[in-house]
Amino acid sequence: MQYWLFKCEPSVYSIDDLARDKKTSWEGVRNYQARNFLRDQVKKGDLVFFYHSNAEPPGIFGIAEVVREAYADHFALDPKHKYYDPKSSKDEPIWYMVDVGFVRKFEHPVTLAMLKDAPELDDMMVTKRGTRLSIQPVKKSEWETVLKLAGEKLRV
DNA sequence: GCCAACGTTGGC
DNA sequence: GCCAACGTTGGC
């Protein structure tokens, strides 16, 4: 059982959209390092911080749960889609996606500024400038620290 | 909207 | 394989 942080621009898809839909596919990851995490390490039952990027304010807005492990990202095969990648094919998909379900929206989101202020989170990728990975592993201690900052119970 | 920090592409 | 040009991310 592992913890993750998934980034998304709320103008594209937000925690509120997930709360409404209950479940969504997490497609469009087009970075190899993030792809490797998604394909090889993200497992069913893992818990995910839902991070709003390019937002005001940026930060962690809630929790999702992985409900389906990696499968081929078929949006890469559609020439009309913005996630199209001509190098990908049905037989040899390059890109993968997972499905996540809604768990909880934080009553008090943990903003990026709060994450940066917490010394326990100095090693967290999202707090380091220049880290643009959209799928990031989160340590158990970091997970618990963020929940405390959010004023949330540790048990999900 | 700006721009720094990356990742990717492609000529050589 | 190098590296300049270009595209993207994402905070501010």
Side-chain angles (χ1 to χ4, degrees), chain A residues 2-21 24-42 46-66 70-100 102-139 141-143 145-152:
Chain A
Q2 289 197 71
Y3 300 102
W4 302 96
L5 180 147
F6 286 11
K7 287 186 198 170
C8 192
E9 298 190 21
S11 61
V12 177
Y13 198 84
S14 74
I15 187 77
D16 292 315
D17 294 324
L18 183 58
R20 180 197 62 215
D21 298 342
T24 190
S25 56
W26 203 273
E27 70 272 11
V29 172
R30 295 291 179 269
N31 167 284
Y32 284 102
Q33 200 182 348
R35 188 279 312 265
N36 291 346
F37 280 132
L38 207 57
R39 186 189 57 188
D40 305 332
Q41 294 191 45
V42 175
D46 285 359
L47 293 172
V48 175
F49 281 141
F50 197 121
Y51 182 89
H52 284 182
S53 61
N54 246 322
E56 187 48 51
I60 296 169
F61 279 71
I63 297 172
E65 177 182 5
V66 177
Y71 57 107
D73 185 338
H74 56 261
F75 294 96
L77 304 177
D78 178 358
K80 290 185 294 296
H81 202 276
K82 66 180 272 209
Y83 292 136
Y84 177 60
D85 182 351
K87 293 193 295 304
S88 195
S89 69
K90 201 162 194 289
D91 290 337
E92 290 184 64
I94 297 175
W95 306 113
Y96 289 81
M97 57 206 237
V98 299
D99 290 352
V100 300
F102 178 73
V103 174
R104 187 194 296 169
K105 179 185 176 182
F106 288 162
E107 194 171 338
H108 305 288
V110 182
T111 64
L112 179 60
M114 292 166 68
L115 295 172
K116 284 181 169 171
D117 276 347
E120 308 94 302
L121 302 179
D122 281 351
D123 287 341
M124 235 179 141
M125 295 177 94
V126 74
T127 64
K128 298 189 194 296
R129 75 188 301 242
T131 304
R132 303 181 312 185
L133 257 193
S134 62
I135 306 283
Q136 304 180 359
V138 172
K139 296 194 194 83
S141 61
E142 294 165 345
W143 179 271
T145 299
V146 171
L147 288 185
K148 275 184 203 148
L149 289 174
E152 296 276 337

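As the structure is a computational prediction, the values presented were derived from the model and not from experiment. Numbered from 1 within each chain, the chains take letters A, B, ... in sequence-line order.
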Using the side-chain heavy atoms of [X], tell me which of these nucleotides is nearest: [options].
X	options	result
K7(A)	dA4(B), dG7(B), dG10(C)	dG10(C)
Y32(A)	dG7(B), dG11(C), dT8(B)	dT8(B)
K116(A)	dG10(C), dC12(C), dT9(B)	dC12(C)
L112(A)	dT8(B), dT9(B), dC12(C)	dC12(C)

Which residue, T131(A) or N54(A), contacts DNA chain B at a nucleotide closer to its 5' end, judged by nearest heavy atom?
N54(A)
Given [N], is OP1 or OP2 found less than 4.0 Å from the side-chain N or O atoms of [X]?
X	N	answer
Y51(A)	dT9(C)	no
K87(A)	dT8(B)	no
R132(A)	dG7(B)	no

Nearest whole angstrom, please: distance from the [atom2] of [N] to the [atom1] of [X].
X	N	atom1	atom2	result
R35(A)	dT8(B)	CZ	C1'	15 Å
E56(A)	dG11(C)	CD	C1'	10 Å
K82(A)	dT9(C)	NZ	C1'	12 Å
L115(A)	dG10(C)	CG	P	15 Å
N36(A)	dG7(B)	CG	P	13 Å
Y83(A)	dT9(C)	OH	C1'	13 Å
I135(A)	dG7(B)	CD1	P	16 Å
N31(A)	dT9(B)	CG	P	11 Å

Please work out whether the ring planes of W95(A) and Y32(A) are parallel, tilted or perpendicular, with thresholds of 30° and 60°.
tilted
So Y83(A) and F75(A), would you call those rings parallel, tilted or perpendicular, with 30° and 60° as cut-offs?
perpendicular
If we only count heavy atoms from C-beta on, is the I63(A) to L147(A) side-chain gap below 4.5 Å?
yes
Any side-chain heavy-atom pair from L112(A) and P57(A) closer than 4.5 angstrom?
no
K128(A) NZ: over 12 foreign heavy atoms closer than 6.0 Å:
yes
Assign R129(A) to base, sugar-phosphate, or nothing according to its heavy-atom contacts below 4.0 angstrom with the strands shown.
sugar-phosphate
